[in-house]
Structures are given as structure tokens and as C-alpha cells.
Asker: 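Below you will find the structure I want to go over with you.
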Amino acid sequence: MSNSKQAVPSTLPLLRDRIDSIDSQIQLLINERATCAQKVAEVKLADQGDDAVVFYRPEREAQVLRKVMERNEGPLGNEEMAKIFRQVMSSCLALEKPMRIAFLGPEGTFTQQAALKHFGKSIVSAPMAAIDEVFREVESGAANYGVVPVENSTEGVVNHTLDSFRDSRLKICGEVEERIHHHLLVSPNISAEDVTHIYSHQQSLAQCRAWLDRYWPHAERIAVSSNAEAARLAAEAGRSGRAIAAIAGEIACELYGLLKVSSNIEDRPDNTTRFLIVGNQEVPPSGKDKTSLLISAKNEPGALYRLLEAFERHGVDMTRLETRPSLMSRWGYIFYIDFVGHYLDEGCCAVIDELRERASEVKVLGSYPVAVL
Ligand SMILES: C=C(O[C@@H]1C=C(C(=O)O)C=C[C@H]1O)C(=O)O
């Protein structure tokens, strides 16, 4: 084993020898870890049987990453170290069973970026044209899990995602937050000075409005179906010598071989989107969880108050309340509520039992680990 107490060599050759020695130890340990993961897969199969086996365990992965961050002593930062272990776990899980993950596409979207952040890069990611198609792909078993956007810190909730839970039996198995960094991108053989049109999704054009007004006031802004589509169009135009630019993220930049003219051009530096992981499994407690509910309130005075009062009385911290039309009656509404804790926790269980008495419908959409990365 490497002895970190040894005197650190001072010459480049000796330092590289030390790095080679450490790398060989790391490689042995990673393969030892992977062998353990393969044994875990055998135990899971023996315990659960071929048809019911669940290899991916969100609660355990969250616990592993939290431990990594808690014991980290640097110089690498906690998040950087967790990302390394994220990929190690992704590779180990792929040895147990390769995961097919459906996401809101096309290739290159922030949702794909979020899927790779949450599951690591050893997955098969499948782009879907719409959010309801992601749900259907998972419900049919064609994908193991799905990743969909649920809210953005600038634009608010994604209604299509909330509405998809009305009739779906899928459970929320996790969440991931992605800082949304927009970049101005052009094809490598295009000069930025020649750009006359800038393409992007309407939301992204809105999130970069002040920057565009200041630095690119004369460029015409063209809204397209997604940032990834904008990047594809910019790459395609570049091949025919047409000077258009795209506003898109890192993954689209890499995917379509574009160059960054300007980075992080979003007007709000804290611009963040939260994504949900949906699947066919209920997730056991991880020690730091949240729960999402869909509730239909009775159409009577004080109904919503009585629902919310139960949280306060049981000391359960409600973190989100969204309203959507129920579609059952003209002015009927359903409520989406997030709260801190797992539905199996004593206080949370008591609240849910009371809600079931006070509401016309209570659907537990899932309890899942609070986002780690
Ligand atoms: C090894 C396991 O299987 C998977 C891989 C994990 C890992 O590499 O740490 C953790 C959880 C599972 O998604 C396990 O369930 O412990």
C-alpha cells in the first residue's frame, strides 16, 4: 500500500515513479471492488430471482457518495472526489447489469447531461422526443429508468412532468440538480464576426437575454425545439459555410464538435434545473431523503388548510407545493407536495395517514435520496 507518510520525491522522474506505483495500487483496488460488485449481483439474483431482480440501488449509491465526501481530506475537492467514485460505481453497476436510461432528448440536452451526472457514463442513454415518451419507455420496460426535468430556478416548474404522474404507476427513485451554463457556440470553420443568427430554445434565449442585448444586439434570435437541435443546426450550417451560432451546453458543444465563442452567458449565475429519476421500484430509506406526493383535495372550504396543517403539527418540513388542473372537473385542482423525510419514517407516515382521511386521493410518487451531486 502507498505510504502517504513517506518523504515526497523531489525530482520529476522519481515523482512519476511514485505516481506509477500509486496508479497500480488504485487499479488493483478498483478491480477488487468490481469483483465484489459482481458477487453482489449474484447474491441479488439468488435473493430476488431473474424476473424481479433490482441491481441499481439509489439509496446505497447515495450513502457511498456521502461517505466519500465526508471522509475526503483533499487536495481534491469533495465534489470532484465524489464524481470519480460516481464513475467507479457506474462501471461496477454496468458489470452487474448495463442500464438503459431514457431521457428527454435529443442527444446533447441538459437532461442527458443530468442523466450522465446521476448514473455515470457507463450507461446506454436513449433520447426520447417528449417527456411522456420517457415515462412510456420505462413503463414498458424498454428502459430501466427515465430522467425528466421538473423545475428550473428561473422558469419554474415543468408542467408536463407533473402532469405525467397523474396516470403513471412509475415511482420517483432519485433527483439530480444541474447548474445550467449556456455557451455561445460556432462551427470551427466559422468566424464569430460573421455570425448573423443565433439559434437556441426559447427558454435559453430568455435566460441569456441581457447578455445578448449587450454583446450581440444585431444578431437575429431564432427559437428552435431544443438547445441540442440548435447546436446540430450550427454544425450543419458550418459545413456549408453559413455563419450561424447556437446557445447550448457543454455536452452539445462536445457532441456536435463546436467551439465556444463565449462561456457561461446566462444572465443569472445560479440558474439551476432539477431533474427526477423515474423507475419501477420503491427506494428504501437512505438516511437523507425526500418524498413527493400527489394529492386531490376535497372541494370544500378549508380543505387545503387541513392538508397543510397536518405537516405543521407533525413537524414535517414541506419543501414544495405546486398546483395543477385535475382535469376531473373544470376548476378542480391537484397538489404536488414535496417534504423532507422518507414515507416509512414515523412522522411522515403519520402525516400521510391523516392526509388519506382528509383528501379525496393521496398518491405517494416516491421517497428517494436527496441529490448528492
Ligand atoms: C454493489 C452494489 O450494486 C450497485 C453498485 C454500487 C456500488 O458500486 O457501490 C452500489 C449500489 C448498486 O447500485 C450494491 O447494491 O451494493
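Whatever order the structure lists them in is the order used to number ligands and atoms, beginning at 1.
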Asker: Would you mind listing which atoms of ligand 1 come within a distance below 4.0 Å of any non-hydrogen atom of F55?
Answerer: 3 (O), 4 (C), 12 (C), 13 (O)
Asker: Considering non-hydrogen atoms of the protein only, which is the closest contact for atom 9 (O) of ligand 1, and what is the distance?
Answerer: R33 NH2, 2.9 Å
Asker: Around atom 15 (O) of ligand 1, find the nearest protein heavy atom and jot down its residue, atom name and distance.
Answerer: K44 NZ, 2.7 Å
Asker: In ligand 1, which numbered atoms sit nearer than 4.0 Å to a non-hydrogen atom of V40?
Answerer: 1 (C), 2 (C), 14 (C), 15 (O)
Asker: Should the proximity of R57 to ligand 1, defined as any heavy atom under 4.0 Å, be assigned to the side chain, the backbone, both, or neither?
Answerer: both
Asker: If you count the atoms of ligand 1 from 1 in the order shown, which ones are under 4.0 Å from a heavy atom of C92?
Answerer: 8 (O)
Asker: Give a yes or no on whether a salt bridge exists between E250 and K260, defined as a side-chain N under 4.0 angstrom from a carboxylate O.
Answerer: yes
Asker: Return the closest protein heavy atom for atom 6 (C) of ligand 1 as residue, atom name and distance.
Answerer: E61 OE2, 4.1 Å
Asker: Quick one, E220 and T196 - any side-chain contact, counting heavy atoms below 4.5 Å?
Answerer: no
Asker: Check K363 with E361, please: is the shortest side-chain N to carboxylate O separation under 4.0 Å?
Answerer: no
Asker: Parallel, tilted or perpendicular: which fits the ring planes of H197 and Y199, with parallel below 30° and perpendicular above 60°?
Answerer: tilted
Asker: How far is atom 4 (C) of ligand 1 from its nearest protein heavy atom, and which residue and atom name does that atom have?
Answerer: E96 OE2, 3.1 Å
Asker: Only one of P127, P149, P106 passes side-chain contact (heavy atoms from CB on, under 4.5 Å) with T111; say which it is.
Answerer: P149
Asker: Do S240 and E236 have a side chain donor and acceptor closer than 3.5 Å?
Answerer: no
Asker: Any atoms of ligand 1 less than 4.0 Å from a non-hydrogen atom of Y56? List them with their elements.
Answerer: 13 (O)
Asker: Would you say the ring centers of Y336 and F165 fall short of 6.0 Å from each other?
Answerer: no
